[in-house]
S.K.: 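Have a look at this one.
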Number of protein chains: 2
Amino acid sequence: MADTDTDAGSTDTGGTDTGSTDAGAGAKTPRERYRTQVRAEIKERAWEQIATAGASALSLNAIAKRMGMSGPALYRYYAGRDELITELIRDAYRSLADTFRAASASASGADLAALAHALRGWALEDPQRYFLIYGTPVPGYHAPDDVTAIASEIMATLLDACAAMPSGSGSGGDSPETSTATEFGAHIEDLGRQWAAGHPAPPAALQRALTFWTRLHGVLSLELAGHFTGMGFDPALLFAAELDDVRAR
Amino acid sequence: MADTDTDAGSTDTGGTDTGSTDAGAGAKTPRERYRTQVRAEIKERAWEQIATAGASALSLNAIAKRMGMSGPALYRYYAGRDELITELIRDAYRSLADTFRAASASASGADLAALAHALRGWALEDPQRYFLIYGTPVPGYHAPDDVTAIASEIMATLLDACAAMPSGSGSGGDSPETSTATEFGAHIEDLGRQWAAGHPAPPAALQRALTFWTRLHGVLSLELAGHFTGMGFDPALLFAAELDDVRAR
DNA sequence: ACGTTTCAGTTAGAGGCTATCACTCAAGTT
DNA sequence: AACTTGAGTGATAGCCTCTAACTGAAACGT
């Protein structure tokens, strides 16, 4: 379902038919089966290529040749390079969202450590996939709405975990700035009413989610980009330290 | 015979000085003057192109046309696209190093806030330049030694600022984990002897420099990549909050 | 002042890429 | 059996990087 037939270009035909038959849920015509199968293989090859040479080196032509067919054939399946990359981005977000959700569910209650561990594992599993989401943005590009929807799904999972946490948990006593003592805390509280619509998370949770995100991304992205090589320390420990700091906030 | 080949690049070239002729310091032959001038203009156009379309869209051909000459002419000045990009990366690092050093010098003593402010200003000035350094890495690419040398120069400036800081400054009393209480702190202290050779910075300073780097990069890179758009809060305040947190560590 | 060398810039071209078009031909449909 | 759909093809245009052979002018040595 939801295939929506990309090839619009010529031969519209869109017409559609009127009722023809099946339309049921699972059953597909053999051609549809074949089509989705080929689309899947294209993406598979694309991921291989991205993992080894980066997204900028992704070539439809090379994929086609590796699949035994000739260049333009791929345009039956994807309108162009951009559409394929967008689909890969979508899949990457989807994969991260699922990983996150699974980690959140498996952990008793909601544990930031579980989320962080899942995030790091997911990133190390395929660094280029991480960079497809969080790497250098292409100036012109704007992700379609459904992709940003998945992004907020990820954020929602994180927010839930933060909201389900004892507010000032950490280190027994009082950290000097627990909630709205900081300027940023006040700022967050200000727009707490208008933002986070749909998310019943208190401002403190939002703030913690934000620092979780930015700090772990900071360590992770520099690690994956190799900026720590030659320094001799273990990035995993730095990651863990940042995680602890966020949890004990 | 044999005129070409041996192309340009081999070795030096870039060098600004190294007068082939005797001539002492500044004087260059007119051809050398012209050469460096053209090289500079090429880089100028390249920066324009990168700022608007990103590094992956950089085209030697387009640059040449915009300069009124025809494609292959540029290969007299740069051995290829990769060499040009490497030079741009070098310049970006150089620019950041200078900005950092200037901020460090102008501020009385060494102020992390001054460094942070300089960093953020530098990044916002040309986001694509920031991403050229800290963005998605190209799997095959490895920066030449002189570039990584500039990178450690930047780190050295940061380390100096951290070392010149009162160790447990922050919030009057005692933050729960001041120095080696954390696992990572101990880890850093472990290799403090072997690493940081040449930098007389104590482990605590190194640790602070690391968190300065990763946290501010975390906020900055997500902001520049547009991942905060639609959330309604002011990234500058989040940046400032993270800075404060690092300083009061 | 006159060769000689050096080098910027040119055109031509190989090879790769994205993408479009017209076409074939087999698989599904009626 | 006739018809319709669509997967795959080759040809083509236009962009790119980069190489090769050549032209012509500026710089240099004597």
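Labels below follow one simple rule: chain letters A, B, ... track the order of the sequence lines, proteins then strands, and each chain is numbered from 1.
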S.K.: Is Ser70(A) close enough to dG8(D) that one of its side-chain N or O atoms is under 4.0 Å from OP1 or OP2 there?
M.R.: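 No.
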
S.K.: Starting at OH of Tyr78(A) and ending at P of dA19(C), how long is that distance when rounded to a whole Å?
M.R.: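 Going from Tyr78(A) (OH) to dA19(C) (P), I get 14 Å.
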
S.K.: Roughly how many Å is it from CG in Asn61(A) to C1' in dC17(C), rounded to a whole number?
M.R.: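 So the two atoms are 6 Å apart, to the nearest Å.
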
S.K.: When you get a sec, tell me which of dT10(C), dC17(C), dG8(D) is the closest nucleotide to the side chain of Ala62(A)?
M.R.: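 Output: dC17(C).
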
S.K.: Taking the nucleotide of DNA chain C with the nearest heavy atom to each, does Lys65(A) or Pro72(A) sit closer to the 5' end?
M.R.: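 Result: Lys65(A).
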
S.K.: Ile85(B) CD1 to dT17(D) C1': how many Å, rounded?
M.R.: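 It works out to 12 Å between those atoms.
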
S.K.: Any sub-3.5 Å donor-acceptor pair from His117(B)'s side-chain atoms to Ala103(B)'s backbone N or O?
M.R.: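 A pair under 3.5 Å: no.
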
S.K.: Rounding to a whole Å, what distance do you find between Glu83(B):CD and dT17(D):C1'?
M.R.: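 Interatomic distance, CD of Glu83(B) to C1' of dT17(D): 14 Å.
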
S.K.: Consider only side-chain N and O atoms of Ser221(B) and Tyr134(A), and report whether a donor and an acceptor are under 3.5 Å apart.
M.R.: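 Judged by distance alone, the side chains do not pair up.
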
S.K.: Tell me, with the steps shown, if Leu115(B) and Phe212(B) meet side-chain contact (heavy atoms from CB on, under 4.5 Å).
M.R.: CA-CA 10 Å; Leu115(B) 288 183; Phe212(B) 177 97; 4.0 Å; yes

S.K.: So does Ile50(B) get a backbone contact from the side chain of Arg129(B), meaning a donor-acceptor N/O pair under 3.5 Å?
M.R.: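 Looks like no, no N/O pair under 3.5 Å.
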
S.K.: Just N and O in the side chain of Tyr34(A): are any of them under 4.0 Å from OP1 or OP2 of dA27(C)?
M.R.: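 So the side chain of Tyr34(A) is outside the cut-off, no N or O lying under 4.0 Å from OP1 or OP2 of dA27(C).
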
S.K.: Rounded off to whole Å, could you give me the CZ-to-C1' distance for the Arg31(B) and dT6(C) pair?
M.R.: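 Going from Arg31(B) (CZ) to dT6(C) (C1'), I get 5 Å.
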
S.K.: dT11(C) C1' sits how many Å from Tyr75(B) OH, rounded?
M.R.: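 Those two atoms, OH and C1', are 16 Å apart.
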
S.K.: Hey, does the side chain of Ser59(B) come within less than 4.0 Å of dT17(D)'s phosphate (OP1/OP2), counting only N and O?
M.R.: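 Ser59(B) to dT17(D) OP1/OP2: side-chain N or O found under 4.0 Å.
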
S.K.: Here's a test of your reading of the structure: between Asp82(B) and Gly68(A), which maps to the more 5' nucleotide of DNA chain D?
M.R.: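 The residue whose closest nucleotide sits nearer the 5' end is Gly68(A).
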
S.K.: Which atom pair, heavy atoms only, marks the closest approach of Tyr75(B) to Gly80(B)?
M.R.: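 Minimum heavy-atom separation between Tyr75(B) and Gly80(B): CE2-CA, 3.9 Å.
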
S.K.: When you measure from the side chain of Arg81(B), which nucleotide among dA19(C), dG28(C), dC18(D) comes out closest?
M.R.: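 Between dA19(C), dG28(C), dC18(D), the one nearest the side chain of Arg81(B) would be dC18(D).
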
S.K.: How long is the line joining CZ of Arg76(B) and C1' of dT10(C), in whole Å?
M.R.: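 After rounding, the gap between these two atoms is 10 Å.
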
S.K.: So, does the side chain of Arg35(A) form a donor-acceptor pair with the base of dA7(D) at under 3.5 Å?
M.R.: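 No.
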
S.K.: When the distance from CG of Leu84(B) to C1' of dC16(D) is rounded to whole Å, what number comes out?
M.R.: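 Going from Leu84(B) (CG) to dC16(D) (C1'), I get 15 Å.
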
